[in-house]
Amino acid sequence: MEKTLIFLIGFMGCGKSTFGRKLGKELGYAFIDMDTYIEELTGKTVPQIFAEDGEAHFRHLETQAIRQLSNQIHCVIATGGGAPCFNDNMRLMNEIGQTVYLELAPEKLAERLVLDPTERPVLEGKTGDELIAHISSKLTEREPFYRQARHVVDADKPEDLLGKL
Ligand code: S3P
């Protein structure tokens, strides 16, 4: 049986988990949200890990999770927005699976993020124009990693991916 792992990557708010759940159902694959996986493994929430153990430790846990999840056979994995940008994770994910970047403009990401109650330490409680500026600058930093994905899809129409896989 051929083993297929699909890693959904992209900025916070681009819809990795929502689309990942749908894609998993569509393909008959399991769906795993990496933040939830880490929370279950550690017994701590992501904000708690950032606050108590620091971001570097969280990034280490992400790399460890990618390695552990490489045992899965048929699985869609929604990664955290920062995961592709640390510890050579992009290379690792490209080696063990198919990577898909869900691309969306900062204004649209901000629109979605203000409606989402999830607590995200990287956004530092920013709102309005300040939030858009923060997203733009972080996205510029992260895009070179996201762009190493095998597939790039418009996060407004992620279903387009089905024709590409
Ligand atoms: C982060 C994104 C979050 C979570 C953590 C850090 C980031 O995941 O992993 O708060 O650095 O972009 P989502 O992309 O699912 O919000």
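In listed order, ligands and their atoms are each counted from 1. Here the structure is a predicted model, which means the values were calculated and not measured.
- Residue Phe58 has at least one heavy-atom neighbour below 4.0 Å for each of these atoms of ligand 1: 9 (O).
- Only the side chain of Arg142 comes within contact range of ligand 1, with a heavy atom under 4.0 Å; no backbone atom does.
- Taking every non-hydrogen atom of Arg120 and a distance limit under 4.0 Å, the qualifying atoms of ligand 1 come out as 16 (O).
- Of the protein's heavy atoms, Val46 CG1, 3.7 Å lies nearest to atom 5 (C) of ligand 1.
- Per-residue contacts place Gly80 under 4.0 angstrom from the following atoms of ligand 1 (heavy atoms of the residue considered): 8 (O), 9 (O), 14 (O).
- The nearest non-hydrogen atom to atom 8 (O) of ligand 1, considering only Asp35, Thr118, Ile49, comes from Asp35.
- Taking each heavy atom of Met34 and Ala65 in turn, the nearest pair found is CG-CB, 4.1 Å.
- Checking Leu123, Val122, Thr36, Thr79 against atom 6 (C) of ligand 1, the nearest heavy atom belongs to Val122.
- Judged as a side-chain hydrogen bond (donor to acceptor under 3.5 Å, both in side chains), and not counting sequence neighbours, Lys164 has no contacts.
- A 6.0 Å sphere centred on CD of Glu107 holds more than 12 heavy atoms belonging to other residues, nucleotides or ligands.
- Only the side chain of Lys16 comes within 4.0 Å of ligand 1, judged by heavy-atom distances.
- Among protein heavy atoms, the minimum distance from atom 10 (O) of ligand 1 is reached at Pro121 CD, 3.5 Å.
- Atom NZ of Lys22 sits in a sparse spot, with 12 or fewer heavy atoms from other residues, nucleotides or ligands closer than 6.0 Å.
- Environment of CZ in Arg147: crowded, with over 12 heavy atoms of neighbouring residues, nucleotides or ligands closer than 6.0 Å.
- Residue contacts with ligand 1: Gly13 is placed with no nitrogen or oxygen under 3.5 Å of a nitrogen or oxygen of the ligand (distance criterion only).
- Contacts with ligand 1 closer than 4.0 Å are made by no heavy atom of Glu55, backbone or side chain.
- Enclosure of atom CG in Asp116 by more than 12 non-hydrogen atoms of other residues, nucleotides or ligands within 6.0 angstrom is indicated.
- Considering only heavy atoms from C-beta on, Ile73 stays 4.5 Å or farther from Tyr29 through its side chain.
- In the displayed structure, Gln64 atom CD is contacted under 6.0 Å by more than 12 heavy atoms of other residues, nucleotides or ligands.
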